[in-house]
*Asks:* 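Sharing a structure below in structure tokens format, with a few things to ask.
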Amino acid sequence: MIVASWNVNSISVRLPHILEWLQEVNPDVVCLQETKSVDEKFPLAQLNEAGYQCSFFGERAYNGVAILSKLPAENIQKGFIGEQEPFSRRFIEAKVGPIYVLNCYIPNGQAVGSEKYEYKLRWLESLKSYLHQHKNSALPTVLCGDFNICPLDVDICKPEEFLGTIMCSDVERQALDEIKNWGFVDTFRKVNEQGGEYTWWDYRMGAFRRNLGFRIDHIWATSALCEKVSRSWIDKSPRKKERPSDHAPLLTEFSI
DNA sequence: ATGGTTGTAAAACAA
């Protein structure tokens with residue numbers, strides 16, 4: 001079973017890339033972020049035609065998440081149960097086959113110390129509470145998404161330049177560690193030792209060509225499920241196309 | 001150096 005996560009930066013603009021990629025890679029579950037589409041305009045027919053069921057939670061212009069799956073999605077949850085403030089649409093969850101799939105688009109945070117950074121930290125706190133109150137780490141669960149955080153220094157292209165700045169600051173990394181400590185293992189890091197592997201490159205300054213990237217997209221799995229990981233890799237091919245998303249898809253294969 | 005690019009949506013704003 002292959003699970004993928006991809007920030008597509010507009011599902012309507014990226015639909016041709018997505019359809020081509022689904023046909024080529026044939027993943028079983030795909031978590032999408034930044035769909036930037038109201039639910040009425042979600043391209044459901046084309047994705048159904050491609051063989052995928054769709055659960056989606058979108059809004060106008062910003063944010064938006066979706067889960068595509070070959071098997072039907074059950075127990076769909078949009079947003080956090082009883083969330084403390086009306087967050088933008090950044091979380092969707094479903095059970096697909098034997099796996100609980102949690103898809104999140106963690107706020108970017110803009111700059112350390114800004115209001116948006118505080119919002120990011122509150123959002124992380126809400127995700128942690130949601131896990132502790134409503135989820136069971138003994139069950140096979142994946143947390144996928146654009147986390148907008150580099151867990152380790154080797155996940156940053158130039159740590160000497162970026163450590164302490166947004167996506168690479170101690171406070172947000174600590175908050176993410178607390179979420180991980182609920183019971184997740186980083187599937188990519190479990191089977192890949194090398195640093196310098198990135199999932200996001202800024203559109204500006206030829207960042208992709210110069211490989212100035214960050215590993216901010218992740219697929220985490222609860223520990224028993226993580227034992228079943230056979231491969232995890234970043235597919236840079238869609239990032240090389242014309243008019244790409246600024247993120248590349250991340251994939252993890254489970255032997256189940 | 002406060003630049004550069006992309007998407008949304010129609011002037012900024014978010015990333």
*Asks:* Please report the distance separating the P of B/dA15 from the corresponding atom of B/dA9, rounded so that it comes out in whole Å.
*Replies:*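 These two P atoms come out 15 Å apart once rounded.
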*Asks:* Suppose we call two aromatic rings close when their centres sit under 6.0 Å apart. Are A/F147 and A/Y105 close by that rule?
*Replies:* no
*Asks:* Expressed as a whole number of angstroms, how long is the span from A/D246:CG to B/dG7:P?
*Replies:*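 Those two atoms, CG and P, are 9 Å apart.
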*Asks:* Just call it for A/F208: base, sugar-phosphate, or nothing, with non-hydrogen atoms closer than 4.0 Å on any strand.
*Replies:*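 A/F208: no heavy atom of the nucleic acid under 4.0 Å.
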*Asks:* Check this for me: A/K228, atom NZ, are more than 12 non-hydrogen atoms of other residues, nucleotides or ligands nearer than 6.0 Å?
*Replies:* no
*Asks:* Could you check how far OH of A/Y62 sits from P of B/dA15, rounded to whole Å?
*Replies:* 8 Å
*Asks:* Please determine whether a side-chain nitrogen or oxygen atom of A/S12 lies at a distance below 4.0 Å from atom OP1 or OP2 of B/dT8.
*Replies:*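 Yes, because at least one side-chain N or O of A/S12 sits under 4.0 Å from OP1 or OP2 of B/dT8.
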*Asks:* Let me know, please, whether A/E34 or A/A61 comes out on the 5' side of the other along DNA chain B by nearest nucleotide.
*Replies:* A/A61
*Asks:* Measure the distance from CH2 on A/W200 to P on B/dT5 and round it to the nearest whole Å.
*Replies:*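 Spelled out: CH2 on A/W200 to P on B/dT5 is 14 Å.
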*Asks:* For the CD atom on A/E115, are there more than 12 heavy atoms of other groups (residues, nucleotides or ligands in this structure) within a distance under 6.0 Å?
*Replies:*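 Incorrect, the count does not exceed 12.
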*Asks:* Under 4.0 Å: is that the gap between some side-chain N or O of A/R90 and OP1 or OP2 of B/dA15?
*Replies:*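 So the side-chain polar atoms of A/R90 do come within 4.0 Å of the phosphate oxygens OP1 or OP2 of B/dA15, strictly under.
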*Asks:* 5'-most contact on DNA chain B: A/N108 or A/R60, nearest heavy atom basis?
*Replies:*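 Counting from the 5' end, the first nearest nucleotide belongs to A/R60.
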*Asks:* Is there a side-chain polar atom (N or O) of A/S10 under 4.0 Å from OP1 or OP2 of B/dT6?
*Replies:*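 Indeed not, no polar side-chain atom of A/S10 lies that close.
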*Asks:* Between B/dA9 atom P and A/N9 atom CG, what is the distance in whole Å?
*Replies:*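 The answer, rounded to whole Å, is 12 Å.
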*Asks:* Does A/K95 count as lying over the ring of A/Y100, i.e. NZ or CZ under 6.0 Å from the six-ring centre, within 45 degrees of the axis?
*Replies:*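 Pair A/K95/A/Y100 counts as cation-pi.
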*Asks:* Let me know the distance between CZ of A/R14 and P of B/dT6, rounded to the nearest Å.
*Replies:* 10 Å
*Asks:* Could you work out the separation of B/dG4 and B/dA10 based on their P atoms and round it to a whole Å?
*Replies:* 25 Å
*Asks:* Measure the distance from CZ on A/R89 to P on B/dA14 and round it to the nearest whole Å.
*Replies:* 19 Å
*Asks:* Quantified in whole Å, what is the P atom distance between nucleotide B/dC13 and nucleotide B/dG3?
*Replies:* 14 Å
*Asks:* Can you tell me if CD on A/Q23 sees more than 12 non-hydrogen neighbours from other groups inside 6.0 Å?
*Replies:* no
*Asks:* Atom CG of A/L15 and atom P of B/dT8: how far apart are they, to the nearest Å?
*Replies:* 12 Å
*Asks:* Between B/dG3 atom P and A/R204 atom CZ, what is the distance in whole Å?
*Replies:* 11 Å
*Asks:* Within less than 4.0 Å of OP1 or OP2 of B/dG7, is there a side-chain N or O belonging to A/R243?
*Replies:* yes
